[in-house]
A.B. asks: 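This is the structure I have questions about; it appears just below.
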Amino acid sequence: MLQPKRILIILGSLLLLEADTTTIKWHSAGAPFGSPSAWLDNYLPCVHDLVVFPEYYPAIMPIPTDVSVRGFMLPRQGALLLAEESTINLVTAKATGRGLNSDCDSDERRAYLKPPKTSKWFDPSSWSVQPGVAGGSSVSLSAVPELERVPCDDEHVVISSSNGALSFDLENVQYLRLGQLVLAGSSISRTYLQELMSRELGQLLFHNAQGVSVEYYRGELCGCHKDYEHLIEPVCRNVESQCEQPHCVSPIRPLGSCCFLCGAMMTVSSQNCMAENRQSLLSYMNKLINRDNLADELQVHVDFVGSKEYGNYLQAIIIDRGSYSGRSIEFTRRLEAQRNESSFLSTATGLEVKYAGHPYNPNVTFASVLLILFCVVLVGVVSIIILAHYMPQNPYLNRIPQWIHDPRRWRWHHLGMRLRRNLLFNRFDDASSGAPTAAGSAVERLPVIGYDAESGEVRERSFNNPMLEQEEMIPTTAEMSQPIVKPESCPNVLSPNVETGELDSCSGEEQELTEINLESSEAESDFEAETKE
């Protein structure tokens with residue numbers, strides 16, 4: 001297997017031969033053989049471990065240059081990629097050595113590889129512009145359209161053997177167009193790549209490769225892809241589910257993009273895609289950004305977009321770094337007003353500028369605002385009712401209409417309903433009684449209806465109603481010392497010890513008050529038990 005230095009030497013020589021190709025796409029998906037993420041439970045094989053592949057492994061796994069294990073349990077379908085200088089040591093039980101895992105706690109175990117991950121050719125997350133960087137949708141590439149994140153028709157594609165399992169899905173790919181393919185450190189020609197797809201090894205490397213034609217380009221395009229509109233649908237299928245909702249009123253969608261953006265875009269019609277025009281516009285925009293110290297706030301991308309149906313355009317995309325604040329809109333308006341200062345924009349024809357709307361939060365809708373207001377009103381009404389219930393004398397309640405915090409005043413005329421205004425425990429009041437009232441109370445005194453044998457006092461009501469605010473009537477010493485006068489109509493009836501008020505009946509059963517000794521339940525139960533015995 002070629003070392004990374006040798007790979008860079010080969011790529012450098014290719015770039016010298018192909019001066020027009022300035023970018024390289026690196027395959028960045030998958031975990032290598034020596035990474036714990038490639039194994040189940042993140043367990044790397046030890047020296048005396050058996051490496052077990054899944055039963056079906058539709059991919060090519062690159063093996064490191066030096067591996068020491070007890071053995072391999074190979075799959076029914078799959079392949080291993082070995083370099084010329086690779087060495088595999090199959091150790092015995094008594095042999096010593098060092099495997100991929102230095103922390104081994106047993107002599108005989110099995111290490112299981114995870115199923116391979118297939119990368120889609122038209123998925124931007126499978127590619128990177130820097131070697132060793134996983135994913136191609138970083139923050140620095142947010143202004144780059146999705147069609148330019150996948151391998152362009154004239155770019156070099158590097159599939160390194162230092163990554164994980166190699167497996168690509170060519171679904172919806174009719175023409176495999178690229179500048180050059182470097183596979184595991186070897187440059188692959190177009191004829192060999194076309195023949196490799198039809199072989200068994202090529203079917204493990206490229207899935208759904210039936211009817212796919214290979215085309216190599218040498219800087220003959222205007223932009224990244226030839227007729228970009230044909231690739232919008234297959235590329236956006238892998239991207240649309242990952243698009244974030246833009247935080248602006250009217251987002252824009254640049255040519256070759258799958259997701260809407262918040263910012264501005266400028267397109268200039270171009271007959272001939274000359275690199276001098278692109279560099280002139282990019283240099284002028286960077287000059288204005290550095291002059292206003294906006295390098296940390298704005299991001300700019302300028303490139304050609306070509307199509308036989310729609311024509312060729314030089315497109316410039318300006319967006320904000322981080323959250324959208326409208327700074328990109330201000331910069332683009334100033335750039336449009338000062339277009340005469342640019343040698344390219346002053347002579348450009350067919351200039352068109354599109355702006356996104358002002359920032360706003362898409363998660364806050366009119367319905368959510370109404371719901372928030374309703375909740376605020378509901379909490380306020382409930383708070384007033386609670387305050388009126390526990391603090392009826394609160395001075396702030398005088399400023400609030402009484403019908404708001406008094407449910408007894410609520411009426412529904414259209415339903416024929418009206419809340420009753422009867423006071424609680426009003427059934428215990430005897431308004432017809434003519435007994436004198438207690439001092440300081442507006443409630444008439446109730447007649448005698450019971451006798452409290454424990455305290456020796458007559459209870460004036462069967463239930464102490466705190467709403468009546470009646471003072472407790474305690475007989476004075478003078479009243480207690482007065483003799484008890486028996487009614488003339490009932491000479492033979494014994495008088496009770498304590499009596500207040502007049503009795504309505506002369507019956508002995510009604511006049512006689514029996515003393516009841518209130519004892520505990522335990523004493524009663526003991527007495528009943530002794531009686532039964």
A.B. asks: I want to check something: taking the side chain as every heavy atom from C-beta on, are Cys262 and Ile319 in contact at a cut-off of under 4.5 Å?
C.D. replies: no

A.B. asks: Quick one: do the Glu148 and His301 side chains pair a donor with an acceptor below 3.5 Å?
C.D. replies: yes

A.B. asks: Quick one: does any side-chain atom of Gln315 pair with a main-chain N or O of Leu255 as donor and acceptor, under 3.5 Å?
C.D. replies: yes

A.B. asks: Is there a side-chain contact between Ser167 and His207 (heavy atoms, below 4.5 Å)?
C.D. replies: yes

A.B. asks: Does Cys152 offer a backbone N or O that forms a donor-acceptor pair with the side chain of Lys25 under 3.5 Å?
C.D. replies: no

A.B. asks: Taking only Lys NZ, Arg NE, NH1 and NH2, and the carboxylate oxygens of Asp or Glu, determine whether Glu330 and Arg334 approach each other closer than 4.0 Å.
C.D. replies: no

A.B. asks: Does the SG-to-SG distance between Cys243 and Cys258 fall under 2.5 Å?
C.D. replies: no

A.B. asks: With ring centroids as reference points, do Trp39 and Phe33 lie under 6.0 angstrom apart?
C.D. replies: yes

A.B. asks: For Tyr360 and Gly357, indicate whether the former's side chain and the latter's backbone hold a donor-acceptor pair under 3.5 Å.
C.D. replies: no

A.B. asks: Would you say the side chain of Tyr310 lies within less than 4.5 Å of the side chain of Val305, judging by non-hydrogen atoms?
C.D. replies: no

A.B. asks: Tell me whether Arg321 contacts the main-chain N or O of Leu298 through its side chain, where contact means a donor paired with an acceptor under 3.5 Å.
C.D. replies: yes

A.B. asks: Show, in sequence, the C-alpha distance, side-chain angles and deciding distance for Asp153 and Tyr175, and conclude whether the side chain to side chain contact (heavy atoms under 4.5 Å, CB included) test is met.
C.D. replies: CA-CA 10 Å; Asp153 294 349; Tyr175 298 98; over 6 Å; no

A.B. asks: Taking the side chain as C-beta and beyond, is there a heavy-atom pair between Phe168 and Ser119 under 4.5 Å?
C.D. replies: yes

A.B. asks: With a 4.5 Å heavy-atom cut-off, do Gln77 and Leu204 have their side chains touching?
C.D. replies: yes

A.B. asks: So does Leu231 get a backbone contact from the side chain of His225, meaning a donor-acceptor N/O pair under 3.5 Å?
C.D. replies: no

A.B. asks: Please confirm whether Arg278 makes a cation-pi placement over Phe304, using NZ or CZ under 6.0 Å from the six-membered ring centre and within 45° of the ring normal.
C.D. replies: no

A.B. asks: With a 4.5 Å limit on heavy-atom distance, are the side chains of Leu193 and Leu176 in contact?
C.D. replies: yes

A.B. asks: Does some side-chain heavy atom of Met265 sit less than 4.5 Å from a side-chain heavy atom of Arg253?
C.D. replies: no

A.B. asks: Can you tell me if Asp296 has over 12 outside heavy atoms packed within less than 6.0 Å of its CG?
C.D. replies: no

A.B. asks: May I ask you to check whether Asp320 and Ser328 show a side-chain donor-acceptor distance below 3.5 Å?
C.D. replies: yes

